[in-house]
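This report concerns only the one structure given below.
Each chain gets a letter, A, B and so on, in the order the sequences are listed, and its residues count up from 1. Just so it is clear, the structure is predicted and the values come from calculations on it, not from any experiment. We use all heavy atoms of the structure for the numbers below, so side chains are in, but hydrogens, waters and symmetry mates are not.
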Amino acid sequence: MNVKTNLSGFRYVDVVVDVPAVGDRKFTYQVPEGSALPYGAKVQVPFGRKQTDGYVAGHSSVKPDFDVKSVSAVYDLRFLPPDHLLRLGEVLKEHYLASTASFWGYLWPPLVRRRHLEPGTGFDEPAGCRLLRTKQMPTAPGSFAGSLFIQGPASFRWDYYCAKIKEALDSGLGVIVLVPEIRKIDAAIRALQAWYNGPISLVHSDLPGAARREQWLSLLTGDSMLAVGTRSAAFSPVKNLGLIVVDEEESHLYKAGEFPGYNAVTVARARGNLENCRVLLGSFVPSVKTGYFINKGRLKPVKPSTPGLNVNVTHETISMLGRKRRVVISKELHLALRDIFNDGERAVLFLNRRGTSSSLVCTDCGNTIMCPRCSVSLAYHARDSQMVCHTCGYRRTAPLECPVCRGHTWKPVGYGIDRVVSEFEKRFPGVPVLQLDQDSESPENVIEQFRSSSPSCLLCTQMVLGFEIPPVTGLGVLSCDNLLGFPDYSAPEQVFRLLMNLVHLLKNSGGNQQKRFVVQTLNPQHHAITGVQDPESFYVVESQNRADLNYPPFGALFKIEFSGKNPDMVRQIAEKFAAEAENHSNGVQVLGPGPAPKPRVRGRYRWIIMLKSKKREVLSGIVKQVWPEVSHSQVRMTVDTEEPFGIG
DNA sequence: AGCACGCCGACT
DNA sequence: GTCGGCGTGCTC
């Protein structure tokens with residue numbers, strides 16, 4: 001029996017439709033006589049009043065007992081994902097509690113052409129495309145069996161990656177290389193082209209649709225065996241896949257923000273399992289999770305550690321306890337800066353807060369200017385005399401008069417980077433200060449100006465970590481206590497990583513062999529801060545803390561968010577859900593419900609529940625069972641089944 | 001998500 | 001009497 005006869009026997013297909021509210025239900029459509037649609041085919045179908053995209057997820061030959069509509073169009077079958085990628089989608093949709101359609105959607109590039117199916121007109125499907133799923137495959141993202149980890153600075157990691165990539169390509173295997181952000185692709189391409197002159201396929205969301213489509217096709221056909229890109233490239237249809245490289249595996253950018261928030265590292269792991277390929281992770285400051293996998297022997301570290309730079313950094317932790325809160329630059333830091341500038345050298349000051357002050361408070365009545373749509377105060381930006389919401393972007397001019405009591409004096413509360421500039425200028429007149437943050441118009445320009453003068457000072461946020469900076473002698477962290485105070489179990493890890501990266505930035509900038517790293521903090525004994533001088537100890541303490549409390553990677557953690565326009569309703573449903581989940585108690589811990597860290601965003605009220613258990617299947621089971629019991633049309637629920645959970 | 005159906009308040 | 005509010009439920 002040939003394929004054609006096989007396909008033509010089925011007049012009906014089950015379609016999973018790409019409509020969020022419909023979940024994973026299948027709908028049956030008719031296929032015109034003489035046409036045939038393989039498993040996984042992307043189709044357009046009439047759904048309700050509109051046309052919607054969907055995917056073929058089953059076949060039958062008997063007419064159902066309701067009126068069936070017909071499939072209206074089929075997308076170019078040259079783009080049909082291979083079996084193992086369809087299976088990948090199924091594994092991941094289960095892992096993330098999402099729909100099949102949402103994950104199969106990642107397997108198609110944009111701008112694929114579709115052709116209409118007219119009744120009675122058949123078409124030729126590509127030879128060899130199969131109708132049904134062929135073989136049984138794993139059901140979970142799986143472990144890191146056979147996977148490797150390399151720790152060290154970028155140049156060191158890339159040397160190793162290239163050796164492994166060459167090995168794979170030389171033996172006819174395909175390779176995917178993932179980097180956390182688009183701007184890092186250039187450097188990756190340069191490293192690869194130094195020794196490889198075959199085709200390299202770029203895969204990232206900034207590429208024009210047609211280009212993405214062509215890259216995708218050349219991977220599908222095997223014309224190109226090497227894909228390089230950001231997180232969406234984890235789905236690229238590389239043939240005969242032998243290796244996936246994930247650089248900076250700890251980056252939060254691998255986790256997609258919008259639902260379903262898949263993590264490209266998990267996707268890589270799942271593919272490693274399904275396609276029996278190697279996964280190679282690399283990092284300068286590995287995540288606690290990766291540390292755990294290495295400890296368990298599930299990830300093999302390939303070389304002990306970094307060849308040290310010949311640079312000596314002294315660490316100074318300045319306790320800000322018991323000092324006036326208005327002190328921005330402590331006496332100790334001031335003296336360190338003075339020495340550096342007197343020697344004609346450069347310094348960097350780091351602060352993780354934009355604007356001039358976190359908020360304005362009326363001195364007469366205590367009123368604070370709040371965002372009209374979010375439950376956060378508006379930050380004051382003196383540069384343009386604007387009040388800005390750092391959550392939703394809302395802007396207004398700063399008020400002259402208090403809307404509550406008509407008072408005219410405002411007190412700034414908390415300091416942001418703009419205020420540090422004026423403080424700095426008072427203390428060090430004559431030393432040029434450059435400012436680098438999200439409000440900077442041309443970051444490259446700022447860095448250039450910083451490079452062109454010495455002494456000088458760069459005042460910056462996290463943004464600095466993406467740049468090459470000129471030689472710097474000292475780096476001062478003005479505060480990181482706000483980060484440490486986030487109600488999130490991973491806050492210590494994030495602060496530790498931030499500080500490690502800042503030390504590395506300082507070390508690596510070149511120049512002076514004797515450098516100073518100064519941290520001002522209200523938590524001088526915290527392991528995230530002391531750990532910077534002894535990284536091993538950080539991993540030990542943090543792992544112990546998480547193990548004690550069953551936090552990932554020692555247990556599963558789901559974040560469930562309820563949102564809606566009616567605050568009482570949202571709260572009620574969240575409470576009902578929590579109570580039901582508690583009832584289940586299969587060794588489940590229910591944390592909450594409580595209002596989200598930002599209880600109102602864009603006019604929607606938000607409540608949160610965290611579910612903790614040793615086994616993630618227990619949590620999946622609860623969500624699947626409880627939500628249908630308590631669901632309400634005015635409340636939306638979204639589940640995030642994998643860390644890192646964003647804050648807010 | 002859209003979009004209809006359906007059942008109660010104030011209007012030419 | 002009807003126009004229209006948005007709560008509820010369906011989409012092959």
Side-chain angles (χ1 to χ4, degrees), chain A residues 7-75 93 96-106 108 110 114 116-120 131-132 256-262 560-577 601-607 623-624 626-640:
Chain A
L7 287 167
S8 305
F10 297 93
R11 295 294 314 283
Y12 303 96
V13 286
D14 294 329
V15 172
V16 287
V17 105
D18 206 358
V19 177
V22 137
D24 222 21
R25 284 176 59 195
K26 288 175 181 158
F27 294 86
T28 306
Y29 291 88
Q30 201 176 79
V31 183
E33 187 96 49
S35 301
L37 297 172
Y39 188 77
K42 183 173 178 176
V43 293
Q44 194 183 47
V45 292
F47 190 73
R49 190 160 273 270
K50 308 194 314 172
Q51 293 287 324
T52 321
D53 285 342
Y55 305 86
V56 173
H59 295 80
S60 70
S61 40
V62 278
K63 188 182 187 316
D65 54 7
F66 46 78
D67 283 343
V68 284
K69 295 182 180 174
S70 285
V71 175
S72 359
V74 59
Y75 285 81
K93 71 103 185 171
Y96 291 110
L97 298 180
S99 68
T100 304
S102 62
F103 272 95
W104 281 359
Y106 294 131
W108 292 76
R114 55 173 188 249
H116 283 275
L117 291 181
E118 316 266 320
L131 182 54
L132 301 167
E258 353 56 71
F259 182 83
Y262 73 85
I560 305 180
E561 187 186 293
F562 302 86
S563 71
K565 291 191 180 137
N566 179 339
D568 295 330
M569 191 63 88
V570 174
R571 179 195 181 137
Q572 204 180 59
I573 298 298
E575 280 169 352
K576 232 162 131 186
F577 188 104
V601 171
R602 284 176 249 277
R604 291 180 73 86
Y605 293 87
R606 312 188 308 161
W607 280 67
V623 173
K624 283 187 202 164
V626 172
W627 178 241
E629 289 170 13
V630 305
S631 68
H632 187 282
S633 59
Q634 286 165 50
V635 177
R636 187 157 68 211
M637 180 198 68
T638 44
V639 199
D640 196 343

Partner residues of A/K624 under the side-chain contact (heavy atoms from CB on, under 4.5 Å) criterion, sequence neighbours left out | A/E94, A/L97

Produce the list of close N/O pairs, under 3.5 Å, pairing protein atoms with atoms of nucleotides 8-12 of chain C; give distances to one decimal.
from: C/dT11; atom 1: O3'; to: A/G48; atom 2: N; distance (Å): 3.1
from: C/dC12; atom 1: OP1; to: A/P46; atom 2: O; distance (Å): 3.3
from: C/dC12; atom 1: OP1; to: A/G48; atom 2: N; distance (Å): 3.4
from: C/dC12; atom 1: OP2; to: A/K69; atom 2: NZ; distance (Å): 2.3
from: C/dC12; atom 1: O3'; to: A/T28; atom 2: O; distance (Å): 3.1
from: C/dC12; atom 1: O3'; to: A/K69; atom 2: N; distance (Å): 2.6
from: C/dC12; atom 1: O2; to: A/T28; atom 2: N; distance (Å): 2.6

Footprint ends on DNA chain B, 5' to 3', for atoms under 4.0 angstrom from a heavy atom of chain A, come out as B/dA1 to B/dA4

Please table the atom pairs, donor to acceptor, closer than 3.5 Å between any side-chain atom in residues 13-30 of chain A and protein atoms at least two apart or in another chain.
from: A/D14; atom 1: OD1; to: A/T28; atom 2: OG1; distance (Å): 3.0
from: A/D24; atom 1: OD1; to: A/T100; atom 2: N; distance (Å): 2.7
from: A/D24; atom 1: OD1; to: A/T100; atom 2: OG1; distance (Å): 3.0
from: A/D24; atom 1: OD2; to: A/K93; atom 2: NZ; distance (Å): 2.8
from: A/D24; atom 1: OD2; to: A/T100; atom 2: OG1; distance (Å): 3.0
from: A/Y29; atom 1: OH; to: A/P46; atom 2: O; distance (Å): 2.8

Walk me through it: do A/I573 and A/W627 pass the test side chain to side chain contact (heavy atoms under 4.5 Å, CB included)?
-> CA-CA 10 Å; A/I573 298 298; A/W627 178 241; 3.9 Å; yes

Can you name the side-chain contact (heavy atoms from CB on, under 4.5 Å) partners of A/S102, sequence neighbours left out?
-> A/A98, A/S99, A/P260

Please work out whether the ring planes of A/W108 and A/Y75 are parallel, tilted or perpendicular, with thresholds of 30° and 60°.
-> perpendicular

Compare every heavy atom of A/P567 with every heavy atom of A/W607, then report the nearest pair and how far apart it is.
-> NE1-O, 4.5 Å

With sequence neighbours excluded, what pairs up with A/R571 under the side-chain hydrogen bond (donor to acceptor under 3.5 Å, both in side chains) test?
-> A/E575

